[in-house]
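Being a predicted model, the structure only gives us computed values, none of them experimental.
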Amino acid sequence: MSWAAERTRLDAVVREAVAGARDHAPVVLIDGPSGAGKSSLADDLLREWPAAGSPRLVRMDDLYPGWDGLDDGSAALGRDLLEPLRNAGAGRWRRWDWAGERPADWVEVRGSDPVIVEGCGTLARGNVAAADLALWLDADDTLRKRRALDRDGETFAQHWDRWQAEFESYLARERPRESASLVLDVTDWPLGAARVPGAED
């Protein structure tokens, strides 16, 4: 199936999920391994949102408390943002100061507009239970590593193995791919580029 057809299918699933969230802010989670294209897909959805409302974007990179923080960031996402947002209409998340290596300011999220959360660890089982759409992205392993290192450079290269080990532990424990509403192989998607209607890749 072409990327254009897959994107059309994704847009339809997003519209269905948003329409079904009648009494709370719709939440779309995007997970997958490093370099799979989570940030780029989130940016694309934000730019060309196919459903009602004006989506807000939360990046897990802003929540992780350091390079060993995947599990803590994932837990904080559910505890501080997703569950309160679903149950009370308002939640929050705490920004991590990477330069200072310490917690920073809290960001409040309230109201009924959709929320997109992208990053490793979003599809922990507890988080999926408080979301309306759970997306898992697959991509070629060589491409993923090149994307990740091109994006984050030497900083990520120094921590790649350490991060990957934590991610594999998360995979074994949470089995996030199995919790996804939709699995997309985005290896051949032109992520990060504006779409041309009717274009094929």
Side-chain angles (χ1 to χ4, degrees), residues 6-33 36-65 69-96 103-138 167 170-171 173-184 186 191 195:
E6 283 282 80
R7 178 56 195 263
T8 297
R9 181 166 72 111
L10 171 60
D11 287 351
V13 171
V14 170
R15 283 193 294 271
E16 181 179 0
V18 170
R22 303 195 194 303
D23 59 353
H24 58 269
V27 172
V28 176
L29 305 179
I30 305 174
D31 203 341
K38 300 179 295 295
S39 297
S40 295
L41 179 60
D43 289 342
D44 286 356
L45 281 174
L46 197 67
R47 183 175 58 246
E48 300 180 32
W49 183 244
S54 299
R56 297 156 291 180
L57 178 59
V58 178
R59 298 192 189 279
M60 291 297 292
D61 283 352
D62 293 328
L63 277 80
Y64 304 130
L70 189 155
D71 290 341
D72 287 343
S74 177
L77 173 67
R79 180 187 65 241
D80 298 330
L81 177 59
L82 299 183
E83 292 172 13
L85 186 63
R86 172 64 64 98
N87 297 326
R92 60 182 187 166
W93 58 273
R94 193 165 197 177
R95 198 182 307 276
W96 179 255
D105 55 308
W106 285 95
V107 179
E108 301 289 332
V109 179
R110 60 181 64 246
S112 59
D113 275 330
V115 175
I116 302 169
V117 186
E118 65 85 9
C120 297
T122 58
L123 296 197
R125 284 187 288 268
N127 296 342
V128 172
D132 299 280
L133 182 60
L135 304 176
W136 179 268
L137 304 189
D138 285 330
F167 183 68
Y170 159 72
L171 291 181
R173 184 184 67 252
E174 299 291 339
R175 306 177 74 86
R177 196 177 189 275
E178 296 178 11
S179 297
S181 314
L182 182 64
V183 175
L184 297 167
V186 297
L191 291 171
R195 281 190 296 164

Of all heavy-atom pairs between [X] and [Y], which one has the smallest distance, and what is that distance?
| X | Y | result |
| --- | --- | --- |
| Ala25 | Gly111 | CB-O, 3.4 Å |
| Pro84 | Gly91 | CB-CA, 4.0 Å |
| Ala42 | Glu118 | CB-CG, 3.7 Å |
| Val183 | Arg9 | O-NH2, 4.2 Å |
| Ala36 | Val186 | O-CG2, 3.0 Å |
| Pro114 | Gly53 | CD-CA, 3.9 Å |

Item checked: Ion pair Arg177/Asp31, N-O distance below 4.0 Å ->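 No salt bridge links Arg177 with Asp31.
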Checklist line | Residues His24, Asn87; criterion side chain to side chain donor-acceptor pair (under 3.5 Å); working and verdict | finding: CA-CA 8 Å; His24 58 269; Asn87 297 326; over 6 Å; no
Next item on the list: Could you pull out all residues at least two apart from Glu16 that satisfy side chain to side chain donor-acceptor pair (under 3.5 Å)?
Entry: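 Testing Glu16 for side chain to side chain donor-acceptor pair (under 3.5 Å), a comparison that skips the adjacent residues, returns none.
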Side-chain ([X]) to main-chain ([Y]) donor-acceptor, under 3.5 angstrom:
| X | Y | value |
| --- | --- | --- |
| Asp11 | Pro50 | no |
| Asp132 | Ala21 | no |
| Asp113 | Pro55 | no |
| Lys38 | Trp136 | no |
| Ser179 | Arg125 | no |
| Ser74 | Thr122 | no |
| Arg92 | Arg110 | no |

Would you call [X] and [Y] a side-chain contact if the rule is heavy atoms closer than 4.5 Å?
| X | Y | result |
| --- | --- | --- |
| Pro176 | Tyr170 | yes |
| Trp96 | Asp61 | no |
| Val107 | Arg94 | no |
| Leu77 | Trp93 | no |
| Leu133 | Val13 | yes |

Check: With respect to Leu135, which candidate in Ile116, Leu10, Leu29 satisfies the side chain to side chain contact (heavy atoms under 4.5 Å, CB included) definition?
Finding: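 In the set Ile116, Leu10, Leu29, the residue that makes a side chain to side chain contact (heavy atoms under 4.5 Å, CB included) with Leu135 is Leu10.
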Just how far is it from atom [atom1] of [X] to atom [atom2] of [Y], taken to the nearest 0.5 Å?
| X | Y | atom1 | atom2 | value |
| --- | --- | --- | --- | --- |
| Leu171 | Cys120 | CG | SG | 8.5 Å |
| Glu174 | Asn127 | CD | CG | 8.0 Å |
| Leu46 | Ser39 | CG | OG | 12.0 Å |

Next item on the list: Please step through salt bridge (charged side-chain N to carboxylate O under 4.0 Å, His left out) for the pair Arg59 and Asp62, ending with a clear verdict.
Entry: CA-CA 6 Å; Arg59 298 192 189 279; Asp62 293 328; 5.7 Å; no
Check: After noting the C-alpha distance and the side-chain angles of Val115 and Val28, does the key distance pass the side-chain contact (heavy atoms from CB on, under 4.5 Å) rule?
Finding: CA-CA 6 Å; Val115 175; Val28 176; over 6 Å; no
Notebook entry, point to check: Should Leu70 and Phe167 be marked as a side-chain contact (heavy atoms from CB on, under 4.5 Å) after you check the CA-CA gap, both sets of side-chain angles, and the distance that decides it?
Noted result: CA-CA 7 Å; Leu70 189 155; Phe167 183 68; 4.0 Å; yes
Next item on the list: Report the residues that fulfil salt bridge (Lys or Arg N to Asp or Glu O under 4.0 Å) with Arg95, sequence neighbours left out, ordered by chain and then residue number.
Entry: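 Arg95: salt bridge (Lys or Arg N to Asp or Glu O under 4.0 Å) contacts with Asp105.
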Note to self: Using salt bridge (charged side-chain N to carboxylate O under 4.0 Å, His left out), reason through Arg173 and Asp71 one step at a time and then give a plain yes or no.
What the structure shows: CA-CA 11 Å; Arg173 184 184 67 252; Asp71 290 341; 3.0 Å; yes
Next item on the list: Output, in order, the C-alpha distance, side-chain angles, deciding distance and verdict of side-chain contact (heavy atoms from CB on, under 4.5 Å) for Asp80 and Trp106.
Entry: CA-CA 10 Å; Asp80 298 330; Trp106 285 95; 3.7 Å; yes
Notebook entry, point to check: Do Leu63 and Asp72 pass the side-chain contact (heavy atoms from CB on, under 4.5 Å) test, and can you show the C-alpha distance, the side-chain angles, and the key distance before you say yes or no?
Noted result: CA-CA 9 Å; Leu63 277 80; Asp72 287 343; over 6 Å; no
Notebook entry, point to check: More than 12 non-hydrogen atoms from neighbouring residues, nucleotides or ligands closer than 6.0 Å to CZ on Arg175, yes or no?
Noted result: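 Open.
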